[in-house]
Amino acid sequence: MSERHWGGDYVFLFENLILKDFRIRYRNMSLGILWSLINPLVMMTVLTFIFGRIFPRNDVHTQPFPVFILCGLVPFNFFVAALLTGATSIVDSAGLVKRVPVPREVVPIAAVLSNCVHLLIQIALLLLITVGFGLRPNRYWLWLPVIWALYVAFVCGLALGSSAINVYVRDTRYVLESFTTVLFWLVPIFYPFSIIPPKYVGIYQFNPVAALVMALRNILIDGIAPPMSLIVNLVLAASFTLSFGFLIFRRLKYRFYEHI
Amino acid sequence: MLPSLRFDRVTKTFVHHTGPMLLRERLIEMMRPSRRPRFEALKDVSFELAPGESLGLIGANGAGKSTILNLATGLCLPDRGSITVNGRVTALLELGAGFHPDLTGAENVRVNAAMMGMTRRQSAERFETIVEFSGVREFINEPLRVYSSGMMVRLAFSVAVAADPEVLLIDEVIGVGDQVFYAKCLEKIRSFQNDGKTIVLASHSTELVAMLCQRALWIDRGQIVQQGTATDVVAAYRAAGP
């Protein structure tokens, strides 16, 4: 069993699908793109207030707390949004999957990449606030595109696998929603990695979301290069989810037509 | 010469009712595998089209015409048998398939062109031709939801033919356009035939099939009743009565 060869232009296709998504989402909103900024700013303010004023901790007071929080929120928000839109993408594009002979892999990947538009805006916000708090850009900022690219690849892999499974088991979406709620507490968003008791370190060490958060803090706040262990973690996570994601997707895609 | 499209003893079945697709049902199914009744949409269908030939598919609703087109498009795979296609395939399967109501006509044209495999350059070069052929220029920057179904079909057909396919698959849709556009479509299909392109047309209109296609295939409940020249098959189909 093999799929028909699609002889088109992938870059042009992705560009069009991402643009389409972006237009549909923002055409009917008066504030448009500003929504991408409002949500993280509100969350940043709330978390800064709660953990800066209500439960102040001495060890985090030495650093600009809003930057610290945003380093956690931006990766987490992207993870949740991209994973959920990715996971439901095949079912949501039933009209496309059942009627247009476009390579199916394109659909979940385009869903994740569409979220990158907001991501870029939020990263710009993060960098702006970082500089606003008097932290100067340093040469380790060059690591940022690398770690973000690995992270996006990691989420693409997850979206591929989960979008295919979601066609067969429609409550995959709810499983993922609960999972992301748990994840919020398991990623060091409002607390530093250093306060985690040694016996629980394992939960964090292999978590790629936490790895990106910690690497961001190293680069932006501490002004040091992220340790190799975090980079290796992200490389492994990306290659693992991408290869498994493609594998699952390839096995399941031939029956999409019958199950949507 | 290589055939453009070849179905070799193709059988396609569908599960009658897939049922609610939630985790609970999947787990129950895993514990107690029960064979759901399957329904044969196509049974042992074989035909072959040389480049430049046109085939009309006729038969009642649910006979399997659309299943043949979907399989030929590569949207699903046959259970048994094989399908060979040589050349670029473009399909017009459903009114506005792949179009989004919130995007303008022009934006939909670009997305659709990309999905049909056009490159950036081809899409830019052919945009004018597409708009011109569709005859909906006045509305090209309006969202698609204000389009009538006739206007939508005009646009969809225009993009599909601009993709310059070697094999064009059409499912009934062109009938939605008005007389003027209908005539334009027929003319375009004729020029495709003259250029040696292969066309498969599923239609309830035996007149259309007799007029446009050299060959026809009459299908009933997934099985071929008769295939041959369009005139013969259409005559036999009409004689059998509805």
Side-chain angles (χ1 to χ4, degrees), chain A residues 1-29 90-104 106-107 110 165-176 178 250 252-260, chain B residues 12-15 18 20-27 29 38 67 69-79 82-83 85 87-104 107-124 143 163 169 171:
Chain A
M1 300 223 289
S2 70
E3 197 180 30
R4 193 76 49 74
H5 172 71
W6 182 81
D9 178 343
Y10 278 99
V11 177
F12 186 52
L13 178 64
F14 272 118
E15 185 187 303
N16 268 288
L17 290 176
I18 292 165
L19 213 59
K20 169 185 169 182
D21 215 69
F22 189 72
R23 286 181 171 134
I24 293 165
R25 206 176 305 188
Y26 286 112
R27 187 144 292 169
N28 301 318
M29 288 189 195
I90 294 283
V91 174
D92 290 343
S93 330
L96 203 76
V97 175
K98 290 198 80 159
R99 289 285 171 258
V100 186
V102 82
R104 277 80 187 87
V106 163
V107 175
I165 294 170
N166 189 48
V167 172
Y168 295 82
V169 185
R170 293 292 166 94
D171 31 18
T172 303
R173 187 211 158 95
Y174 303 106
V175 175
L176 290 178
S178 313
R250 283 178 69 90
L252 297 179
K253 70 177 175 186
Y254 298 109
R255 295 260 159 221
F256 284 174
Y257 183 89
E258 282 89 339
H259 286 275
I260 294 180
Chain B
K12 176 72 190 168
T13 66
F14 290 107
V15 172
T18 351
M21 279 165 291
L22 295 179
L23 193 55
R24 190 160 55 101
E25 283 78 13
R26 289 284 174 214
L27 290 176
E29 201 180 69
R38 296 187 79 90
T67 307
L69 293 179
N70 289 342
L71 284 164
T73 313
L75 293 169
C76 51
L77 293 171
D79 294 61
S82 70
I83 297 166
V85 180
R88 192 170 44 254
V89 180
T90 295
L92 266 174
L93 297 179
E94 196 179 75
L95 189 56
F99 277 12
H100 196 284
D102 285 342
L103 296 184
T104 68
E107 288 163 352
N108 271 305
V109 165
R110 288 197 196 93
V111 176
N112 239 41
M115 289 195 296
M116 287 184 171
M118 281 189 232
T119 62
R120 183 188 312 275
R121 194 148 151 224
Q122 287 168 337
S123 151
L169 310 167
D171 195 354

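Numbered from 1 within each chain, the chains take letters A, B, ... in sequence-line order. Both backbone and side-chain heavy atoms feed into the values below; hydrogens, waters and symmetry mates do not.
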Asker: Tell me whether A:K98 is salt-bridged to B:E94, with the criterion being a basic N under 4.0 Å from an acidic carboxylate O.
Answerer: no
Asker: How far apart are the closest heavy atoms of A:D9 and B:M118, and which atoms are they?
Answerer: CB-O, 4.1 Å
Asker: Which atom names give the shortest non-hydrogen contact between B:M115 and A:V100, and what distance separates them?
Answerer: CB-CG1, 4.1 Å
Asker: Who wins among B:A114, B:C76, B:S123 for the most heavy-atom pairs under 4.5 Å with chain A?
Answerer: B:A114
Asker: Is the number of heavy atoms from other residues, nucleotides or ligands under 6.0 Å of A:Y174 OH greater than 12?
Answerer: no
Asker: Are the side chains of A:D21 and B:H100 in touch, meaning some heavy atoms are under 4.5 Å apart?
Answerer: no
Asker: If you compare all heavy atoms of B:L77 against all heavy atoms of A:Y254, which two are closest, and at what distance to 0.1 Å?
Answerer: CD1-CD2, 3.0 Å
Asker: Taking NZ, NE, NH1 and NH2 as the nitrogens, is one of them in B:K12 or A:E258 under 4.0 Å from a carboxylate oxygen of the other?
Answerer: yes
Asker: Is B:S82 close to chain A through its backbone or its side chain, or both, or neither, when contacts mean heavy atoms under 4.5 Å?
Answerer: neither
Asker: Between B:E107 and A:R23, does at least one N-O distance fall below 4.0 Å, as a salt bridge requires?
Answerer: yes
Asker: Give me the atom names and distance for the closest heavy-atom approach of B:L103 to A:K20.
Answerer: CD1-CG, 3.5 Å
Asker: side-chain contact (heavy atoms from CB on, under 4.5 Å), that's the test. Do A:R99 and B:T73 meet it? Break it down for me.
Answerer: CA-CA 9 Å; A:R99 289 285 171 258; B:T73 313; over 6 Å; no
Asker: Please state whether the side chain, the backbone, both or neither of A:V97 comes within less than 4.5 Å of a heavy atom of chain B.
Answerer: backbone
Asker: Locate the shortest heavy-atom distance separating A:I24 from B:D102; write the atom from each residue and the value.
Answerer: CG2-OD2, 4.3 Å
Asker: Below 4.5 Å from any heavy atom of chain A, which atoms of B:R88 appear? Answer side chain, backbone, both or neither.
Answerer: neither
Asker: Side chain from CB out, backbone as N, CA, C, O: work out which of these in B:I83 comes under 4.5 Å of a heavy atom of chain A, or both, or neither.
Answerer: side chain
Asker: Closer than 3.5 angstrom, by distance alone: can the side chain of A:W6 be matched with the main-chain N or O of B:M116 as a donor-acceptor pair?
Answerer: no
Asker: Examine whether an atom of B:N70 lies under 4.5 Å from a heavy atom of chain A, and if so say whether it belongs to the side chain, the backbone or both; otherwise answer neither.
Answerer: side chain
Asker: Hey, which of B:V85, B:N108, B:V89, B:N112 has the most heavy atom pairs under 4.5 Å with chain A?
Answerer: B:V85
